[in-house]
Amino acid sequence: MEWEVVIGLEIHAQLATRSKIFSGASTAYGAEPNTQACAVDLGLPGVLPVLNAGVVGMAAKFGLATHSTVAPRSVFARKNYFYPDLPKGYQISQFELPIVHDGYLDIDLEDGSTRRIGITRAHLEEDAGKSLHEDFQGMTGIDLNRAGTPLLEIVSEPDLRSAKQAVAYMKKIHALVRYLDICDGNMQEGSFRCDANVSIRPKGQEEFGTRAEIKNINSFRFVERAINYEIERQIDVIEGGGTVVQETRLYDADKDETRSMRSKEEANDYRYFPDPDLLPVVIEPEFIEAVRKTLPELPDRKCERFTQDYGLSHADAGALTSSRELADFFEQTVKAAGGEGKLSANWVMGELSALLNKAGKDISESPVSPEQLGGMLLRISDGTISGKIAKQVFEAMCNGEGDADSIIEKQGLKQITDSGAIEKIIREVLDANPKQVEQYKGGQEKLLGFFVGQVMKATQGKANPGEVNKILKQMLV
Ligand code: ADP
Ligand code: MG
């Protein structure tokens, strides 16, 4: 039996406001437990929530960037359940009328094609507090600092067909919220996390299979692993004669498996109803137009422009626009390199990326500035240094030895382009290797490489390779 995988993601993006969604308490991460929860966040009697206007603009930005409808009227609802980290006994969320709905996002697939993923809705809600199990033997600590932190929950249609596609979609949403400057995207701190809904169906069948929902995954790698584990598990269940039950599961990264948390039967009935403490959110068309004007150039558009302006492939432009910081770094490099787009792309994605990857660093922590890198690339394109010597210069720049020009000067790395000088060195090489000269003249033309190598060795790689080849051929006839 051939199976088709069906996945829908619910992504929680923490909105980057300084204060909470319904109170003035700080949202800063990492404070002492329970120092940033005010009476509203604690759900004390008699308090009234007041909507933070900042989140409305942020949700609208997201809606516009994903071709969605930004609802002229949306409503906050109470989602009722009991848990120690939720002192009010309900979470304020949106249910029937979310602020954003019916949009889409295109993702790039490995075969070079694109796939459109529907965005069902994106709604505003408050986060709950955190239960702390580690420091309290036989007890659970409760930290309510996170209670009331604003979230945008982004729900996709069940349009994803593999774990890889799910990761591509999640990465694209991640890039987008960071471009829009509405979420810091910090996955370690939980600012960006997702629930993955996974089901399988026989290939060709239209009806969806029963899904399991894997909760709270906070890394791209884990999303891929958790989904793949879940697919295998469901196939095993069905092929073993069983049926998949609708349930919530947890991904255990240490064991690389998903485990059942609760089944549909035990699932809560949340008894949603409109929150009587909060007015509906009414958005005027003028507000939406004002928000539209604040949108930056978005990843897809930027990618398109990079292919046109710099002659890059779609894949290269896609990689360079995967984050705003990287795209900016690249464009500043191009500028400093006198417009050399292709060369800059090669170096940013090649040497520089490799170096950053190895050090586990982000582009913002690059040991060379775009101006330095571009300055070095100028010296490649004007023939001062070869591409090979450039690697040496690059390394020195990364070690803080200054900019390219001073390193080239100090270490005497200038390429030898003077044909008289090159001729002289070639003469010496030929005189020192009479046997090879004879063999070459006898028809062994492969030996040209040997001579080039000797000349390069004699000049410590500084001779212009093109010149060397040309002059060698002339002198060997
Ligand atoms: P709930 O609020 O109960 O989690 P929803 O129906 O709103 O459920 O769906 C949540 C997510 O599950 C959405 O992203 C949706 O695309 C996805 N989904 C729904 N049905 C399936 C299915 N059969 N297989 C995989 N994903 C599904
Ligand atoms: Mg759900």
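Both counts, for ligands and for their atoms, begin at 1 and track the order of listing.
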Quiz prompt | N-O pairing of R146 and E189 below 4.0 Å | solution =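 E189 and R146: not salt-bridged.
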
Name the atoms and distances for all side-chain donor-acceptor pairs under 3.5 Å in residues 52-69, with sequence neighbours left out.
{"from": "N52", "atom 1": "OD1", "to": "G54", "atom 2": "N", "distance (Å)": "2.9"}
{"from": "N52", "atom 1": "ND2", "to": "S19", "atom 2": "O", "distance (Å)": "3.3"}
{"from": "N52", "atom 1": "ND2", "to": "S19", "atom 2": "OG", "distance (Å)": "3.4"}
{"from": "N52", "atom 1": "ND2", "to": "K20", "atom 2": "O", "distance (Å)": "3.2"}
{"from": "K61", "atom 1": "NZ", "to": "L180", "atom 2": "O", "distance (Å)": "2.9"}
{"from": "T66", "atom 1": "OG1", "to": "F62", "atom 2": "O", "distance (Å)": "2.8"}
{"from": "T66", "atom 1": "OG1", "to": "G63", "atom 2": "O", "distance (Å)": "3.3"}
{"from": "T66", "atom 1": "OG1", "to": "S68", "atom 2": "OG", "distance (Å)": "2.8"}
{"from": "S68", "atom 1": "OG", "to": "T66", "atom 2": "O", "distance (Å)": "3.3"}

Quiz item: Going through the checks in order, is the salt bridge (Lys or Arg N to Asp or Glu O under 4.0 Å) test met by D108 and R115?
Solution: CA-CA 7 Å; D108 290 327; R115 183 176 172 85; over 6 Å; no

Quiz item: Does the cation-pi check pass for K172 over Y169, that is, NZ or CZ under 6.0 Å from the six-membered ring centre and within 45° of its axis?
Solution: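 No.
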
Quiz prompt | Geometric cation-pi criterion K171 and F220, 6.0 Å radius, 45° cone | solution =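 K171 over F220 ring: yes.
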
Could you list the atoms of ligand 1 found under 4.0 angstrom from a heavy atom of [X]?
| X | answer |
| --- | --- |
| V6 | 24 (N), 25 (C) |
| V155 | 13 (C), 14 (O) |
| F208 | 23 (N) |

Self-check item: Part of T210 within contact of ligand 1 (heavy atoms, under 4.0 Å)
Solution: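 It is neither part, as no heavy atom is under 4.0 Å.
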
Quiz item: So which bit of E157 gets within less than 4.0 Å of ligand 1, heavy atoms only: side chain, backbone, both or neither?
Solution: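 Looking at E157 and ligand 1, just backbone atoms fall under 4.0 Å.
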
Quiz item: Under 3.5 Å, N or O to N or O, is I7 touching ligand 1 that way?
Solution: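 Such a contact does not occur with ligand 1.
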
Quiz item: Is there at least one pair of N or O atoms, one from G209 and one from ligand 1, spaced under 3.5 Å apart?
Solution: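 Yes, since at least one N or O of G209 sits under 3.5 Å from an N or O of ligand 1.
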
Quiz item: So R305 and E331, salt bridge (Lys or Arg N to Asp or Glu O under 4.0 Å) or not? Walk me through it.
Solution: CA-CA 11 Å; R305 181 169 65 76; E331 286 208 282; 2.9 Å; yes

Practice problem: Identify which of G8, S156, G118 has a heavy atom lying nearest to atom 13 (C) of ligand 1. | Solution: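 Of the listed residues, S156 has the closest heavy atom.
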
Quiz prompt | Of the listed options R211, E213, E207, closest to atom 8 (O) of ligand 1 (non-hydrogen atoms) | solution =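 That would be R211.
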
Quiz item: Under 6.0 Å between ring centres, would you say that holds for F330 and Y310?
Solution: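 They qualify: ring centres under 6.0 Å apart.
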
